[in-house]
Amino acid sequence: MTIRVIIVDDQAMVRAGFAALLAAQSDIDVVGEAPDGRKGVEVSRSVHPDVVLMDVRMPEMDGLAAARELLSPPAGVIHRPKVLMLTTFDVDDYVYEALRAGASGFLLKDAPPADLISAVRVVASGDALLAPSVTRRLIADFARQRPAAPSGGPSLRLNALTPREREVLELIARGLSNQEIAARLVLAEQTVKTHIGKVLAKLGLRDRAQAVIFAYESGLVAPGDA
């Protein structure tokens, strides 16, 4: 199946470079592009891509606001693509908020071309949270700057999980892949996937990225934990 992608970035050369790279792949089709978030939302709702590559800082509407519109569409709008944020480390706060909004992950703009291609395929397949160890550190940095989670709220929702599901959620937040979690807990990888699915369903989370956010905000994982 061909992966339909649009590229939203205010730099024409970046859009052209990414489009040329992705269009050269037999399984990826670049179906649109836009120079700002507002037009990106319009293009997405017109061509219905599977994945939106979304820059963070843009005029008119930034990538965070555009991601929120795409991932929490108004009544009557059914299509909801996967959103992959394009960023640099100097805009980490935006990335944190984008993950909370439901973005599937992020990719550094200076990443090797192979990483971009792989990222699009990973996100399109339904997986989330690219470069999990990097994302974990990013979120931990911001968790340090925010007040501790109040009693109740997210922490109470942890009661819905079994001890094993809590273990899996904690390891996700520490940046472990499914394969690494399986090895740590001596489980089959498919069993780990089943546990993750149950965690997301019980907590009402969209994907793995939001699970990491939840683990920090609930206090299950604290910044600086080994």
Side-chain angles (χ1 to χ4, degrees), residues 1-131 134-135 138 206-210 213:
M1 184 182 73
T2 301
I3 303 168
R4 295 165 56 81
V5 178
I6 68 170
I7 301 165
V8 185
D9 193 293
D10 62 335
Q11 298 182 49
M13 290 184 65
V14 171
R15 296 198 306 272
F18 285 176
L21 177 66
L22 294 173
Q25 310 306 309
S26 60
D27 60 336
I28 299 175
D29 187 11
V30 178
V31 296
E33 60 178 65
D36 61 66
R38 190 175 307 284
K39 288 187 175 62
V41 172
E42 293 174 1
V43 172
S44 178
R45 289 180 178 161
S46 172
V47 302
H48 294 178
D50 300 302
V51 177
V52 177
L53 289 180
M54 181 78 74
D55 189 21
V56 171
R57 286 182 175 172
M58 293 179 290
E60 298 297 329
M61 176 186 285
D62 65 28
L64 176 58
R68 284 177 174 150
E69 285 210 17
L70 291 175
L71 296 168
S72 299
V77 177
I78 299 174
H79 178 255
R80 188 163 60 187
K82 304 290 185 182
V83 175
L84 175 59
M85 304 301 296
L86 299 171
T87 186
T88 56
F89 276 122
D90 64 347
V91 288
D92 286 348
D93 197 15
Y94 286 90
V95 176
Y96 177 89
E97 295 300 335
L99 292 174
R100 290 193 65 191
S104 292
F106 75 95
L107 186 71
L108 298 179
K109 277 192 166 184
D110 60 357
D115 286 3
L116 172 64
I117 296 167
S118 174
V120 168
R121 289 172 176 155
V122 167
V123 169
S125 73
D127 289 331
L129 195 59
L130 305 175
V134 176
T135 305
L138 180 156
R206 184 176 293 123
D207 56 31
R208 194 182 183 106
Q210 288 196 329
I213 297 291

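Residues P49 and P81 share a closest heavy-atom pair of O-CB, 3.5 Å. In terms of heavy atoms, A34 sits closest to V43 at CB-CG2, 4.3 Å. Closest approach of P35 and P59 over heavy atoms only: O-CD, 4.2 Å. Between L84 and A119, the closest heavy-atom pair is CD2-CB, 3.7 Å.
Going from atom NE2 of H48 over to atom CZ of R80 covers 13.5 Å, rounded to the nearest 0.5 Å. Interatomic distance, L107 CG to D115 CG, rounded to the nearest 0.5 Å: 6.5 Å. A distance of 13.0 Å separates CD1 of I6 from NZ of K39, quoted to the nearest 0.5 Å. Between L70 atom CG and K82 atom NZ the span is 13.0 Å, to the nearest 0.5 Å. Atom CD in Q25 sits 9.0 Å away from atom CG in L116 (nearest 0.5 Å). Put simply, CZ on R121 and CD1 on I3 are 6.5 Å apart, with the number rounded to the nearest 0.5 Å.
In this structure, V120 and V5 have side chains that are in contact, with non-hydrogen atoms separated by less than 4.5 Å. Side-chain atoms of M85 and V83, non-hydrogen and from C-beta on, do get closer than 4.5 Å to each other. Between V56 and L86, the closest side-chain pair of non-hydrogen atoms is not below 4.5 Å. For the pair T2 and I28, the minimum side-chain heavy-atom distance is 4.5 Å or more. Two residues are said to be in side-chain contact when any heavy atoms from C-beta on lie closer than 4.5 Å; V52 and S44 meet this criterion. Here the side chains of D55 and D10 are in contact, with some heavy-atom distance below 4.5 Å. Annotation: side chain of V8 is in contact with side chain of M58 (closest heavy-atom distance under 4.5 Å).
In this structure, R4 contributes its side chain and V47 its backbone to a donor-acceptor pair below 3.5 Å. Side-chain N or O atoms of S72 include none that pairs as donor or acceptor with a backbone N or O of E69 at under 3.5 Å. In terms of modelled atom types and a separation under 3.5 Å, the side chain of H79 and the main chain of D50 share no donor-acceptor contact.
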When the side chains of residues 14-23 are checked against the rest of the protein, which donor-acceptor pairs come out under 3.5 Å, sequence neighbours left out?
residue: R15; atom: NE; partner: E33; partner atom: OE2; Å: 3.0
residue: R15; atom: NH1; partner: D9; partner atom: O; Å: 2.7

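Taking a 6.0 Å sphere around NZ of K109, one finds it holds more than 12 heavy atoms contributed by other residues, nucleotides or ligands.
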